Amino acid sequence: EEELVIDYGSVSAQELASCIRRGEIKALEVIEAHVECLARINPRLNALVAERFKAARGEARAADERIAAAGPGAVLPPLLGVPFSVKESIALTGMPHSSGLLARRHVRARRDAVVVARLREAGAIPLGVTNVSELCMWMESNNPVYGRTNNPYDPARTPGGSSGGEGALVGAGCVPFGVGADIGGSIRMPAFFCGVFGLKPTGGRVPNQGGFPLGTGAAADYYCTGPLARRAEDLLPLLGIMDGSGSPEPVSPLSRLRVITVPDRAGPRVAPALSRALEGAAIALAARGARLERHALPRLRHGLSIWATMLSAGSTRSFSEDLGVVSLSTLVSEIVRLPLGRARHTLPALGLAAIERLTPTDGAVAKRVLAEGATLRRELAALLGDDGVLLYPPHPVLAPRHNRPLLSPTNWVYTAIFNVLENPVVQVPLGLDPRGLPLGVQVVAPHGREDLAVTAALALEEAFGGWRPPPGIS
């Protein structure tokens with residue numbers, strides 16, 4: 001009998017789970033393979049910041065014993081024995097839970113976040129927690145507690161933020177999927193920079209309890225917990241576990257899908273390579289039966305002011321409060337400390353605290369911007385209907401070198417606008433550019449129709465090859 005050979009660092013979580021349940025491979029073997037990958041590659045990335053390998057091995061042995069004891073036809077958990085990682089800002093029992101904030105560096109999670117508990121109930125085994133930007137609000141995963149994370153495709157570049165550790169580990173092939181959270185692109189940006197799939201669900205669909213910080217007030221639904229995965233087929237099953245439904249909608253026939261492109265951009269000019277990738281994605285979907293349409297959404301051009309105003313007006317707790325920099329004098333004191341190397345916070349975090357003080361949340365200007373956001377939401381809903389998806393750039397440039405985002409601090413608006421509009425979005429990898437950097441596109445769907453975005457993602461994975469292992473990782 002021919003021995004089954006599985007590339008643990010390449011296949012989907014669904015395939016791993018199926019092989020484990022059938023007894024073709026052992027859960028312990030799968031865990032050991034991913035631990036070995038982490039031991040070899042993580043020193044270059046600084047993505048995993050705290051591990052639980054001993055406990056994971058024990059859970060894998062228990063999974064193997066459970067499978068061996070199960071009789072024919074026994075129903076086993078859908079992810080039994082499959083490893084995953086968790087963003088450090090999302091609670092995993094016994095693991096650090098600082099969100100990169102020095103004042104919380106000794107905090108340990110006392111219980112699992114809701115989504116983590118559901119994944120563990122489904123049999124998945126967490127290997128540890130991954131790096132974030134300070135308080136999860138910047139395009140680089142760098143903070144005073146753990147330092148900086150590197151991109152697996154080029155360590156001189158950022159993996160994005162704030163779920164950059166997740167993006168880096170999934171992109172490096174060290175875990176089949178991870179748990180991230182997104183209030184301005186924190187799932188989709190790392191997924192794009194690291195060449196993997198990332199799903200930001202519809203606002204309010206997946207519970208956020210156990211995350212820190214959390215959106216508050218009306219802004220609670222702008223903050224979304226969701227998966228990053230190296231294979232598109234994992235997205236809907238993971239969503240079904242994370243939202244508690246267990247059975248998300250099946251994917252639709254591509255022939256029923258309208259694929260929409262728009263000339264309007266929310267931020268700076270998009271790099272030609274990304275514009276070509278988006279057009280190529282539209283052509284590939286049309287070749288597989290989708291109907292192409294082109295429309296205008298001019299209000300997208302005001303995405304920055306809409307996102308900032310809606311987030312500030314909808315929040316009952318400020319970023320500055322979570323940061324611990326509430327008064328103007330404290331903010332100025334911290335900024336003065338920066339060039340001396342004595343600040344307790346990163347420059348992006350202090351910059352955001354300063355900008356937050358200047359963002360209007362009431363008055364005529366704020367009312368006008370909020371009305372514009374409400375109108376854009378209605379316009380996008382009407383445009384998508386119940387069978388349309390919008391292709392949109394994930395960022396204006398490919399993964400930038402470290403610190404370069406400071407020179408273009410509003411580039412995240414390409415992802416952020418869909419947080420306040422609350423649409424589900426899947427970030428889809430579209431191969432690599434000549435330098436070996438990931439290309440990608442956002443697929444935006446109607447509220448509650450993640451299945452439409454995944455339908456397009458599966459077709460684009462077939463057309464472009466999906467996730468590709470970083471050339472320098474071996």
Side-chain angles (χ1 to χ4, degrees), residues 49-50 52 77-79 84-101 103-104 106-137 161-163 165-166 177-188 190 198-229 235-248 311 314-319 321-323 419-420 422 424-425 447-448 450:
V49 293
R52 57 183 304 279
L79 292 177
F84 72 107
S85 55
V86 180
K87 184 177 183 177
E88 197 261 15
S89 62
I90 298 172
L92 172 60
T93 302
M95 290 284 101
H97 191 211
S98 71
S99 200
L101 195 63
R104 288 176 58 92
H106 301 305
V107 174
R108 296 261 168 171
R110 296 183 178 180
R111 62 181 64 84
D112 291 336
V114 172
V115 294
V116 174
R118 288 175 175 174
L119 288 165
R120 297 182 79 173
E121 288 166 8
I125 299 175
L127 298 180
V129 294
T130 58
N131 206 18
V132 299
S133 52
E134 187 178 18
L135 271 185
C136 300
M137 288 294 279
S162 60
S163 308
E166 290 300 303
F177 76 93
V179 182
D182 187 319
I183 199 168
S186 291
I187 288 172
R188 291 158 290 154
L199 169 60
K200 182 202 84 67
T202 302
R205 177 163 185 167
V206 174
N208 298 318
Q209 291 94 328
F212 179 85
L214 285 173
T216 57
D221 285 346
Y222 305 158
Y223 176 97
C224 299
T225 304
L228 295 88
L235 296 176
L236 287 182
L238 288 172
L239 177 64
I241 293 168
M242 295 171 82
D243 72 6
S245 68
S247 54
L311 182 63
S315 300
T316 58
R317 182 176 173 85
S318 70
F319 175 80
E321 288 177 279
D322 286 328
L323 194 67
N419 288 84
V420 293
E422 299 187 45
V425 187
H447 295 132
E450 284 82 352

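These figures come from a predicted structure and were not determined experimentally.
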Atom pair [atom1] ([X]) and [atom2] ([Y]), whose distance is rounded to the nearest 0.5 Å:
X: Leu236; Y: Ile241; atom1: CG; atom2: CD1; answer: 11.5 Å
X: Leu92; Y: Arg52; atom1: CG; atom2: CZ; answer: 6.0 Å
X: His447; Y: Thr202; atom1: NE2; atom2: OG1; answer: 6.5 Å
X: Phe84; Y: Glu166; atom1: CZ; atom2: CD; answer: 9.5 Å
X: Lys87; Y: Ser99; atom1: NZ; atom2: OG; answer: 7.5 Å
X: Glu121; Y: Asp112; atom1: CD; atom2: CG; answer: 9.0 Å

Are any side-chain N or O atoms of [X] and backbone N or O atoms of [Y], one a donor and one an acceptor, separated by less than 3.5 Å?
X: Asn131; Y: Val49; value: no
X: Gln209; Y: Val114; value: no
X: Glu88; Y: Ser98; value: yes
X: Arg108; Y: Gly94; value: yes

Discussion item. According to salt bridge (charged side-chain N to carboxylate O under 4.0 Å, His left out), does anything in residues 200-220 pair up with another residue at least two apart or in another chain? List the pairs.
Written reply: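 Matches after skipping sequence neighbours: Arg205-Asp243, Arg205-Glu249, Arg205-Glu450.
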Worksheet item: Which residue pairs pass the salt bridge (charged side-chain N to carboxylate O under 4.0 Å, His left out) test when at least one of the two sits in residues 177-186, sequence neighbours left out?
Response: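 Non-adjacent pairs meeting salt bridge (charged side-chain N to carboxylate O under 4.0 Å, His left out): Asp182-Arg188.
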Please list, chain by chain and in numerical order, all residues satisfying side chain to side chain contact (heavy atoms under 4.5 Å, CB included) with [X], sequence neighbours excluded.
X: Ala220; answer: none
X: Ser315; answer: Thr216, Ala219, Leu311
X: Ser133; answer: Trp138, Ser162
X: Asn208; answer: Leu214, Tyr223, Thr225

Please tell me if the side chains of [X] and [Y] come closer than 4.5 Å, counting only heavy atoms from C-beta onward.
X: Pro227; Y: Leu199; value: yes
X: Pro126; Y: Met95; value: no
X: Cys136; Y: Ile183; value: no

So which atom in [X] and which in [Y] form the shortest heavy-atom distance, rounded to 0.1 Å?
X: Asp221; Y: Glu422; value: CB-OE1, 3.5 Å
X: Pro201; Y: Val206; value: CG-CG2, 3.8 Å
X: Leu228; Y: Ile187; value: CD2-O, 3.8 Å
X: Gly185; Y: Asn419; value: N-OD1, 3.7 Å

Worksheet item: With under 30° as parallel and over 60° as perpendicular, where do the rings of Phe212 and His97 fit, or are they tilted in between?
Response: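 Ring orientation, 0 to 90° scale: perpendicular.
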Item to complete: Please step through side chain to side chain contact (heavy atoms under 4.5 Å, CB included) for the pair Leu119 and Leu238, ending with a clear verdict.
Response: CA-CA 8 Å; Leu119 288 165; Leu238 288 172; 4.0 Å; yes
Discussion item. Would you say CZ of Arg317 has more than 12 non-hydrogen atoms from neighbouring residues, nucleotides or ligands within 6.0 angstrom?
Written reply: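 Buried by this count: over 12 neighbours within 6.0 Å.
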